[in-house]
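Following: one structure in structure tokens, then a few remarks.
As the structure lists them, so they are numbered: ligands from 1, and atoms in each ligand from 1. Index from 1, following the sequence.
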Amino acid sequence: MASTRPSKRNSRSTSALGSKTLLLPKDLLTVADIPRKKVEGLISLAKKLKAAHGKDKPVFPLKGKTLGLIFEKPSTRTRVSFEAGMNQLGGQALFLASEKIQLSRGESLADTAKVLSRYVDALVVRTFDQSALEEWAQHTSIPVINGLTDHCHPCQALADLLTIVEKKRRAKGLKLAYIGDGNNITHSLLEIGAKVGMHVSVGCPAGYEPDSTIVRQAKAEGIHTGAKIEITHDPLLAAKNADAIYTDVWISMGQEDQQQPRMAAFAPYQVNSQLMKQAKKTAIVLHCLPAHRGEEITAEVLDGPQSVVLDQAENRLHIQKAILLEWLGK
Ligand code: CP
Ligand code: NVA
């Protein structure tokens, strides 16, 4: 939920895009918090940053700024893309593994958040409960960016949207099929699809559906943007005529003790060449990574010609640079 408390960032215009004043929430906690125009602005800024990457004379708009990264779970892409992105924009990133700071010895989240607000300009937080992320946001005077929770992964969904727009020239009116667990990735995809008018069809086993509140809100928003939101237990139906097929691991971080029931429930939900026959011939294949070949997706599909997963991973860098400019820039 977006912070409603007064913040100097709540009322400022967003110069990085040169757009008219658009309210920017203090924190980036969910896709739902970001106004649609701002999502479009982030995509357009990320495209510009990507085109300029490694070409133009570098400019350092975040010189002197420091980004803290508090991670309570492992990460390759999120950590490295934020650290590299901050570096490319002239700022610095500080990785703060939660077990290496006094949090692990009982210092409160509130005290840690207030102290860090005196040192750094923004925080990326990867944690378990969305409520813990909201607590970070509540106790900081600086922006807090969601680096993944059990509930959602907004930076990932923004990179996914950038990838779809790059590959397909648009997102509105396309069909994205998500096959597998109704998890954090699914939630952010539903939110972003609903926001930009992209149909999202989720094919998942009974008992593993996405959060019903998110589904209800996505359906309600979809009425205005044209996005059709569908939840089905039939993976082939979900994949039918899709422009993009997306999957994620069957066992997310923190669910390792549920291995046995999950492997059994998800076995019919593998993205393989049979399932791909349901999608359009031109469909692209997305996966947030890390992937487990032979489980949620076959090696043949993940490493095949329709897969765009490496571009998708690269796009984490470009979209997050856009996010950093929006939330930390002058
Ligand atoms: N997709 C993603 O967030 O990857 P990491 O867990 O490696 O950051
Ligand atoms: N659903 C996965 C996403 C990893 C990027 C997890 O939470 O582990």
Atoms in ligand 1 with a heavy atom of Arg316 nearer than 4.0 Å: 1 (N), 2 (C), 3 (O)

Test of proximity, Pro290 against ligand 1: N or O pairs below 3.5 Å: no

Closest approach of Val301 to Ser273 (non-hydrogen atoms, all atoms of both residues): CG2-N, 3.8 Å

Electrostatic pair Glu191-Lys195, nearest N-O below 4.0 angstrom: no

Note: Asp150-Lys73 ion pair, threshold 4.0 Å (strictly below): yes

Distance flag, aromatic centroids of Tyr208 and Phe266, threshold under 6.0 Å: yes

Shortest protein contact, atom 4 (O) of ligand 1 (heavy atom only): Arg77 NE, 2.8 Å

Ligand 1 atoms in contact with Thr76 (distance to a heavy atom under 4.0 Å): 5 (P), 7 (O), 8 (O)

Pair His318-Glu314, side-chain hydrogen bond (donor to acceptor under 3.5 Å, both in side chains): steps then yes or no: CA-CA 7 Å; His318 307 299; Glu314 179 187 332; 2.8 Å; yes

Identity and separation of the nearest protein heavy atom to atom 3 (O) of ligand 1: His153 NE2, 2.8 Å

Glu72 and Thr127: side chain donor to acceptor below 3.5 Å: yes

N/O pairs closer than 3.5 Å, ligand 2 and protein:
{"residue": "ligand 2", "atom": "1 (N)", "partner": "Asn183", "partner atom": "ND2", "Å": "3.4"}
{"residue": "ligand 2", "atom": "1 (N)", "partner": "Asn184", "partner atom": "OD1", "Å": "2.9"}
{"residue": "ligand 2", "atom": "1 (N)", "partner": "Asp248", "partner atom": "OD2", "Å": "2.6"}
{"residue": "ligand 2", "atom": "1 (N)", "partner": "Ser252", "partner atom": "OG", "Å": "2.7"}
{"residue": "ligand 2", "atom": "7 (O)", "partner": "Asn184", "partner atom": "ND2", "Å": "2.8"}
{"residue": "ligand 2", "atom": "8 (O)", "partner": "Met253", "partner atom": "N", "Å": "2.8"}

Glu295 and Tyr269, any side-chain heavy atoms less than 4.5 Å apart: no

Whether over 12 other heavy atoms sit under 6.0 Å from Gln306 CD: yes

Lys168, NZ atom: more than 12 neighbouring heavy atoms under 6.0 Å: yes

Part of Leu289 with heavy atoms under 4.0 Å of ligand 1, whether side chain, backbone, both or neither: backbone

Sub-4.0 Å atoms of ligand 1 with respect to non-hydrogen atoms of Arg126: 3 (O), 5 (P), 6 (O), 8 (O)

